[in-house]
Structure formats: C-alpha cells, structure tokens
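One structure below.
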Amino acid sequence: MLGIKEIQEIIPHRHPFLLIDCVEELEPGVRAVGCKSVTYNEPYFAGHFPGEPVMPGVLIVEALAQTGAVAILSVEENRGKTAYFGGMNHVKFKKKVVPGDKLRLECQIIKQKGPVGVGSAVATVDGKVAVTAELTFMIG
C-alpha cells in the first residue's frame with residue numbers, strides 16, 4: 001500500500017489538488033486501485049452545493065486520472081515525468097458522492113503506444129458505481 005508520501009514521489013499533485021489518499025493495489029504500467037476518503041472539510045463543498053454537499057464529478061474523474069497516473073508513472077522509464085490529460089470518453093455519472101463516502105478508484109491501462117495511452121476507470125462507493133470513464137493520457 002502506498003501512502004501520501006509515496007504517491008507524491010510518483011505524481012506531481014499536491015494539496016489541495018492531490019485527490020487520492022492511498023493506493024491499495026499497484027501493478028506498475030498495468031493498473032492501480034486507490035481510495036479517497038471524502039470529508040465535509042473539502043474546500044469545494046462550501047459552494048457545491050450549500051445545504052447539499054456533492055463532490056463535483058470532474059474532481060472524481062481527476063481522482064481517477066491521478067490513480068491511473070500512479071500506475072503509468074510507477075514504471076521505471078516514466079519516473080519523474082508527468083501524465084497529462086489527452087481526452088475523456090464515455091464518461092458516465094451514476095451516483096452522487098457525498099461527505100462520509102470512501103471512494104474506491106480503479107484505473108486499468110488498456111492500451112499504450114509511445115507516450116499516449118488509454119485507461120479504463122471506475123469509481124465506486126460501497127460497491128456501487130459512481131463514475132465510469134475512458135481516459136486518454138500523454139506522458140510528457
């Protein structure tokens with residue numbers, strides 16, 4: 001299992017934009033499973049939405065991308081590089097994510113050619129799908 005310190009050694013994201021708390025499973029270059037404990041103290045809840053806090057969908061997708069970045073950047077030849085978004089396809093939002101939820105983030109690298117690749121990603125809460133997406137990245 002990777003904690004915050006180990007994650008920060010792999011990806012460049014820092015507070016308040018580091019959106020994964022730990023990585024529970026890692027197969028370098030293949031897949032990663034991370035988690036995010038969603039707390040009421042997240043800064044975006046002040047305005048999204050007052051009286052009914054909901055984690056913004058785009059931040060869930062970003063958390064999935066960060067999980068995928070851990071998988072792809074943990075390969076020795078990619079250490080010290082950055083994985084940039086190249087695109088998002090087939091994104092589906094299926095469940096609200098609210099304070100108190102533990103978000104399970106899984107990203108599997110399904111293809112890669114040179115610096116460009118694609119990950120299949122799914123975010124779940126208590127076994128229920130919150131978001132699915134196909135994420136394209138470019139290593140730079």
Side-chain angles (χ1 to χ4, degrees):
M1 181 151 102
L2 304 178
I4 295 290
K5 183 178 178 185
E6 293 85 7
I7 292 167
Q8 289 179 332
E9 290 172 1
I10 299 170
I11 62 175
H13 303 79
R14 298 295 182 263
H15 178 79
F17 210 69
L18 179 59
L19 298 175
I20 51 178
D21 296 329
C22 68
V23 173
E24 298 172 338
E25 298 175 34
L26 176 62
E27 293 177 60
V30 178
R31 71 186 277 275
V33 177
C35 69
K36 164 75 174 155
S37 294
V38 181
T39 69
Y40 186 75
N41 293 327
E42 307 288 344
Y44 45 80
F45 285 141
H48 197 270
F49 299 100
E52 186 186 355
V54 176
M55 184 174 183
V58 294
L59 294 182
I60 301 169
V61 173
E62 174 64 26
L64 286 165
Q66 289 180 18
T67 303
V70 169
I72 202 66
L73 297 176
S74 63
V75 175
E76 191 57 42
E77 66 213 38
N78 293 333
R79 289 241 179 223
K81 296 182 180 176
T82 301
Y84 297 99
F85 255 130
M88 296 175 273
N89 292 308
H90 312 293
V91 179
K92 301 273 191 232
F93 300 99
K94 299 178 177 246
K95 179 184 182 329
K96 289 192 298 186
V97 176
V98 299
D101 285 346
K102 183 175 179 183
L103 198 53
R104 182 180 189 274
L105 306 155
E106 183 171 356
C107 188
Q108 180 166 344
I109 308 305
I110 56 175
K111 61 177 125 168
Q112 185 176 359
K113 185 171 184 178
V116 178
V118 176
S120 176
V122 61
T124 58
V125 175
D126 295 328
K128 295 183 175 94
V129 174
V131 177
T132 59
E134 186 179 273
L135 307 174
T136 302
F137 61 86
M138 184 168 188
I139 299 169

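Taken from CD1 in Ile4 to SG in Cys22, the straight-line distance is 8.0 Å, to the nearest 0.5 Å. Here the straight-line distance linking atom SG of Cys35 with atom CG of Leu103 works out to 9.0 Å at 0.5 Å rounding. Gln108 contributes atom CD, which lies 12.5 Å from atom CG of Leu135 (distance to the nearest 0.5 angstrom).
One N or O on the side chain of Glu6 and one on the backbone of Gly3 form a donor-acceptor pair closer than 3.5 Å. Under a 3.5 Å cut-off, the side chain of Asp21 and the backbone N or O of Ser37 do form a donor-acceptor pair.
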With a cut-off of 3.5 Å and sequence neighbours excluded, list every side-chain donor-acceptor pair involving residues 109-132.
{"residue": "Gln112", "atom": "NE2", "partner": "Gly114", "partner atom": "O", "Å": "3.2"}

Can you give me every donor-acceptor pair (side chain of residues 63-81, partner residue at least two apart or in another chain, under 3.5 Å) with its distance?
{"residue": "Gln66", "atom": "OE1", "partner": "Leu19", "partner atom": "N", "Å": "2.8"}
{"residue": "Gln66", "atom": "NE2", "partner": "Phe17", "partner atom": "O", "Å": "2.9"}
{"residue": "Gln66", "atom": "NE2", "partner": "Glu62", "partner atom": "OE2", "Å": "3.0"}
{"residue": "Thr67", "atom": "OG1", "partner": "Ala63", "partner atom": "O", "Å": "2.9"}
{"residue": "Ser74", "atom": "OG", "partner": "Val70", "partner atom": "O", "Å": "3.0"}
{"residue": "Ser74", "atom": "OG", "partner": "Ala71", "partner atom": "O", "Å": "2.9"}
{"residue": "Asn78", "atom": "ND2", "partner": "Ile72", "partner atom": "O", "Å": "2.9"}
{"residue": "Lys81", "atom": "NZ", "partner": "Glu77", "partner atom": "O", "Å": "3.4"}

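Here the closest heavy-atom approach between residue Gly51 and residue Pro53 is recorded as C-CD, 3.8 Å. What you find for Tyr40 and Phe45 is that their closest heavy atoms are O-CD1, 3.7 Å.
Linking ILVMFWY residues whenever their side-chain heavy atoms come closer than 4.5 Å, directly or via other members, leaves Val30 and Leu2 in distinct clusters. There is no path of hydrophobic side-chain contacts, each under 4.5 Å, that joins Val61 to Tyr84.
Note on residues 43-52: pairs passing side-chain hydrogen bond (donor to acceptor under 3.5 Å, both in side chains), not counting sequence neighbours, are Glu52-Lys96. Counting only residues at least two apart or on different chains, the salt bridge (Lys or Arg N to Asp or Glu O under 4.0 Å) pairs with a member in residues 34-44 are Lys36-Glu42.
Residues Val91 and Asn89 have side chains not in contact (no heavy-atom distance under 4.5 Å, counting atoms from C-beta outward). The side-chain heavy atoms of Ile10 and Val23, taken from C-beta on, include no pair separated by under 4.5 Å.
Other residues sharing a hydrophobic cluster with Phe49 under the 4.5 Å side-chain heavy-atom criterion for ILVMFWY residues are Val54.
Checked against side chain to side chain donor-acceptor pair (under 3.5 Å), Glu25 has the following partners two or more places apart in sequence or in another chain: Arg31.
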